[in-house]
**Q** 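Okay, here's the structure, questions in a sec.
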Amino acid sequence: MQKYSEKEIEIALKKVGLRKNQIIYINPEIYKFGILKEAKNRNDYFKIFFNKIKKILGKKGTITTNSYTFQTLRHNKKFIYGKTISSSGKFSEYVRTRKGAIRSIHPVFSVVSYGKFKKKICSKNSFSNYGFNSPYDNFLKLNGQILNLGMNPAKNPFLHVAEFLAGVPYCYNKLTKVSYFKNNKKNNNFFSSFVRYADLEIKRDHNKILKKMLLEQFVKSSPLGSGDIYMFDARKYLNLVLRLLSKDQFFLF
């Protein structure tokens, strides 16, 4: 595996357009970059990437990422707002546990945000995972950018927002009822989760979207170690996928 340094992280982030005051949504597959020279342990990878991004964004920037908890729905586990561990990976959990970070209320599809606009994104949300006044809806209204760390840029949650808005026939709104606790009190609200039909064996072809993204030339990329960093406008991505789905509702397959 290739080795890379903190300085190379900073160079790559700036090359894709990361700068002060931006609002970003991170989708991480950091392991694809290889070995970080300054990392003494696994947690250092998340700490170093988070700190580098935070430093470039400055005090008025905002970091957002998934903090999903699929175990609550799949295995009937309790959702304890401040404690339930994210199933979206270690970077997600690192962001969630930072002092000052805010998690949205959805007990399956929560989002965590850190920085200036965290409250606008992750507080007073609706009960829908992708719909009106969801964290994704609020993020789009703030003209946020998507930052993929090693991950195929076509893979990000705004793909599912597009599917929700397009009303694709292979997904539906599932009534979500789990044991939900916040501030030591049980919450009896029902939530809505837009999910695919479980009995359908479907596999999305993300490279079909990637080809269209590259044709429209709104994705910036930079190599880092043995992987790549990608950055692009969330609204442009959403509009592209919506156009594709409006012409062919099965375009992704």
**Q** Supply the atom-to-atom distance I146 CD1 to N156 CG, rounded to the nearest 0.5 angstrom.
**A** 4.0 Å

**Q** So how far is it from Q217 CD to K236 NZ, rounded to the nearest 0.5 Å?
**A** 11.0 Å

**Q** Just do the salt bridge (charged side-chain N to carboxylate O under 4.0 Å, His left out) check on K90 and E93 with the steps written out, would you?
**A** CA-CA 5 Å; K90 296 295 183 180; E93 186 64 6; over 6 Å; no

**Q** Is the backbone of T72 close enough, under 3.5 Å, to the side chain of T69 for a donor and an acceptor to pair up by distance?
**A**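 A pair under 3.5 Å: no.
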
**Q** Could you go through L245 and L165, starting from their C-alpha distance and side-chain angles, then the distance that decides it, and tell me whether this counts as side-chain contact (heavy atoms from CB on, under 4.5 Å)?
**A** CA-CA 10 Å; L245 290 174; L165 293 173; over 6 Å; no

**Q** Around L214, counting heavy atoms of other residues, nucleotides and ligands shown, do more than 12 lie under 6.0 Å from its CG?
**A** yes

**Q** Please give me the minimum heavy-atom distance between I85 and Q71, naming the atom from each residue.
**A** O-NE2, 2.9 Å

**Q** Please list all pairs meeting side chain to side chain donor-acceptor pair (under 3.5 Å) that have one or both residues in residues 159-178, counting only residues at least two apart or in different chains.
**A** H160-E163, E163-Y170, E163-R204, N173-S192, T176-S193

**Q** Show me, pair by pair, the donor-acceptor contacts under 3.5 angstrom made by side chains of residues 115-123, not counting sequence neighbours?
**A**
| from | atom 1 | to | atom 2 | distance (Å) |
| --- | --- | --- | --- | --- |
| K118 | NZ | G100 | O | 2.4 |
| S123 | OG | K119 | O | 2.4 |

**Q** Please set out all donor-acceptor pairs under 3.5 angstrom arising from side-chain atoms of residues 219-232, sequence neighbours excluded.
**A**
| from | atom 1 | to | atom 2 | distance (Å) |
| --- | --- | --- | --- | --- |
| S226 | OG | K32 | O | 2.7 |
| S226 | OG | F33 | O | 3.2 |

**Q** Sequence neighbours left out, what passes side chain to side chain contact (heavy atoms under 4.5 Å, CB included) with N152? Give chain and number order.
**A** A154, K155, H206, N207, L210

**Q** Check whether any side-chain heavy atom of R235 lies under 4.5 Å from a side-chain heavy atom of N143, and answer yes or no.
**A**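 With C-beta onward as the side chain, the pair stays apart.
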
**Q** Using distance alone, with no hydrogens and no angle criterion, decide if N189 and N187 have a side-chain donor and acceptor under 3.5 Å apart.
**A** yes

**Q** Could you check if a side-chain atom of F218 sits within less than 4.5 angstrom of a side-chain atom of D233, using non-hydrogen atoms only?
**A** no

**Q** Which pair of heavy atoms, one from I105 and one from Y81, lies closest together, and at what distance?
**A**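 Closest approach of I105 to Y81, heavy atoms only: CA-CE1, 4.4 Å.
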
**Q** When rounded to the nearest 0.5 angstrom, what is the spacing between CD1 in I26 and OG1 in T65?
**A**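 I26 atom CD1 to T65 atom OG1 measures 6.0 Å (nearest 0.5 Å).
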
**Q** Please enumerate all residues that pass ring pair (Phe, Tyr, Trp, His ring centres under 6.0 Å) together with F127, with sequence neighbours excluded.
**A**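 Scan of F127 (ring pair (Phe, Tyr, Trp, His ring centres under 6.0 Å), adjacent residues dropped) gives F191.
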
**Q** Would a 4.5 Å heavy-atom cut-off, applied to side chains only, mark F250 and P169 as touching?
**A** yes

**Q** Output a table of donor-acceptor pairs, distance under 3.5 Å, between side-chain atoms of residues 50-57 and any protein atom two or more places apart or on a different chain; print 'none' if there are none.
**A**
| from | atom 1 | to | atom 2 | distance (Å) |
| --- | --- | --- | --- | --- |
| N51 | ND2 | K47 | O | 3.3 |
| K52 | NZ | E10 | OE1 | 3.3 |

**Q** Applying side-chain contact (heavy atoms from CB on, under 4.5 Å) to L252 and L159, what does each step give before you reach the verdict?
**A** CA-CA 10 Å; L252 299 174; L159 168 64; 3.6 Å; yes

**Q** Are more than 12 heavy atoms from other residues, nucleotides or ligands located less than 6.0 Å from atom CZ of R19?
**A** no

**Q** Group every Ile, Leu, Val, Met, Phe, Trp and Tyr by side-chain heavy-atom contacts under 4.5 Å, then state whether I102 and V112 land in the same group.
**A**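 Shared cluster, no.
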
**Q** Cation over ring, K37 on Y4, under 6.0 Å and within 45°?
**A**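 Relative to the ring axis of Y4, which defines the angle, K37 lies outside at least one limit.
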
**Q** Quick one: list whatever passes ring pair (Phe, Tyr, Trp, His ring centres under 6.0 Å) with F79, sequence neighbours left out.
**A** Y180

**Q** Minimum heavy-atom separation for G131 and D137, please, with both atom names.
**A** O-CB, 3.4 Å

**Q** If Ile, Leu, Val, Met, Phe, Trp and Tyr residues are connected whenever their side-chain heavy atoms lie under 4.5 Å apart, and connections chain through other members, are Y31 and L147 in the same group?
**A**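 Y31 does not cluster with L147.
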
**Q** For F190, what are the other residues in its hydrophobic cluster, where any two members join if their side-chain heavy atoms are less than 4.5 angstrom apart?
**A**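 L175, listed by chain and number.
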
**Q** D44 and K40: which non-hydrogen atoms are nearest, and at how many Å?
**A** OD2-N, 2.8 Å

**Q** Give a yes or no on this: more than 12 heavy atoms of other residues, nucleotides or ligands lie within 6.0 Å of atom CG of N41.
**A** yes

**Q** Measure across L242 and A166 and return the closest heavy-atom pair with its distance rounded to 0.1 Å.
**A**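 Nearest heavy atoms, L242 then A166: CD2-N, 4.1 Å.
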
**Q** Got more than 12 heavy atoms from elsewhere within 6.0 Å of NZ, K211?
**A**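 Not buried by this count: 12 neighbours or fewer within 6.0 Å.
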
**Q** If you apply the rule side chain to side chain donor-acceptor pair (under 3.5 Å), what do you find for S110 with S67, and how did you get there?
**A** CA-CA 5 Å; S110 69; S67 55; 2.7 Å; yes

**Q** Quick one: pull up CD in E8 and NZ in K3 and give me the separation to the nearest 0.5 Å.
**A** 12.0 Å

**Q** For T64 and I24, run side-chain contact (heavy atoms from CB on, under 4.5 Å): C-alpha distance rounded to whole Å, both residues' side-chain angles, the deciding distance at 0.1 Å, then the answer.
**A** CA-CA 6 Å; T64 311; I24 62 167; over 6 Å; no

**Q** For K20, I'd like to know if atom NZ has over 12 heavy atoms of other residues, nucleotides or ligands within 6.0 Å.
**A**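 Result for NZ/K20: open.
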
**Q** Residues in ring pair (Phe, Tyr, Trp, His ring centres under 6.0 Å) with F109, at least two apart?
**A**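 Scan of F109 (ring pair (Phe, Tyr, Trp, His ring centres under 6.0 Å), adjacent residues dropped) gives Y68, F70, H106, Y130.
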
**Q** What heavy-atom pair brings Y45 and A39 nearest, and what distance separates the two atoms?
**A** CE1-CB, 3.5 Å

**Q** Taking a hydrophobic cluster as the set of Ile, Leu, Val, Met, Phe, Trp and Tyr residues connected by side-chain heavy atoms closer than 4.5 Å, whether directly or through intermediates, do F194 and F253 fall within one such cluster?
**A** yes

**Q** Using the rule given for side-chain contact (heavy atoms from CB on, under 4.5 Å), can you reason through V16 versus Q145, listing the C-alpha separation, both sets of side-chain angles and the distance that settles it, and then say yes or no?
**A** CA-CA 11 Å; V16 296; Q145 304 286 311; over 6 Å; no

**Q** Suppose we screen for side chain to side chain contact (heavy atoms under 4.5 Å, CB included). Which residues come up paired with S128, at least two apart in sequence or across chains?
**A**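 Only S126, F164 meet the side chain to side chain contact (heavy atoms under 4.5 Å, CB included) criterion with S128.
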
**Q** Would you say the side-chain atoms of N148 and N27 include a donor-acceptor pair closer than 3.5 Å?
**A** yes

**Q** Is K212 close to L244 at the side-chain level, that is, under 4.5 Å between some pair of heavy atoms?
**A** yes

**Q** The criterion is ring pair (Phe, Tyr, Trp, His ring centres under 6.0 Å); which residues satisfy it with F139, sequence neighbours excluded?
**A**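 By the ring pair (Phe, Tyr, Trp, His ring centres under 6.0 Å) rule, F139 matches Y25, F158.
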
**Q** Atom OG in S5, atom CD in E38: separation rounded to 0.5 Å?
**A**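 Going from the OG atom of S5 to the CD atom of E38 covers 5.5 Å.
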
**Q** Name all pairs fulfilling the salt bridge (charged side-chain N to carboxylate O under 4.0 Å, His left out) condition that reach into residues 240-253, sequence neighbours left out, sorted by first residue then second.
**A** E216-R243

**Q** Is there a donor-acceptor pair closer than 3.5 Å between any side-chain N or O of S86 and the backbone N or O of S88?
**A**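 Judged by distance alone, yes, a pair lies under 3.5 Å.
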
**Q** With heavy-atom distances below 4.5 Å as the criterion, would you say the side chains of N21 and T62 are in contact?
**A** no

**Q** Distance check, rounded to the nearest 0.5 Å: R96 atom CZ versus K83 atom NZ?
**A** 10.5 Å

**Q** Is there a chain of hydrophobic side chains (I, L, V, M, F, W, Y, each step under 4.5 Å between heavy atoms) that links Y114 to L13?
**A**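 Yes, same cluster.
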
**Q** Hey, are the side chains of L149 and E29 touching, using non-hydrogen atoms and a 4.5 Å cut-off?
**A**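 Heavy-atom side-chain distance check fails, nothing below 4.5 Å.
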
**Q** Are L36 and M151 connected into the same hydrophobic cluster when the rule is that any two of I, L, V, M, F, W, Y join if their side-chain heavy atoms are below 4.5 Å apart?
**A**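 Each belongs to a different hydrophobic cluster.
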
**Q** Would you kindly check if the NZ (Lys) or CZ (Arg) of R42 is within the cone defined by 45 degrees around the ring axis of F46 and under 6.0 Å from the six-membered ring centre?
**A** no

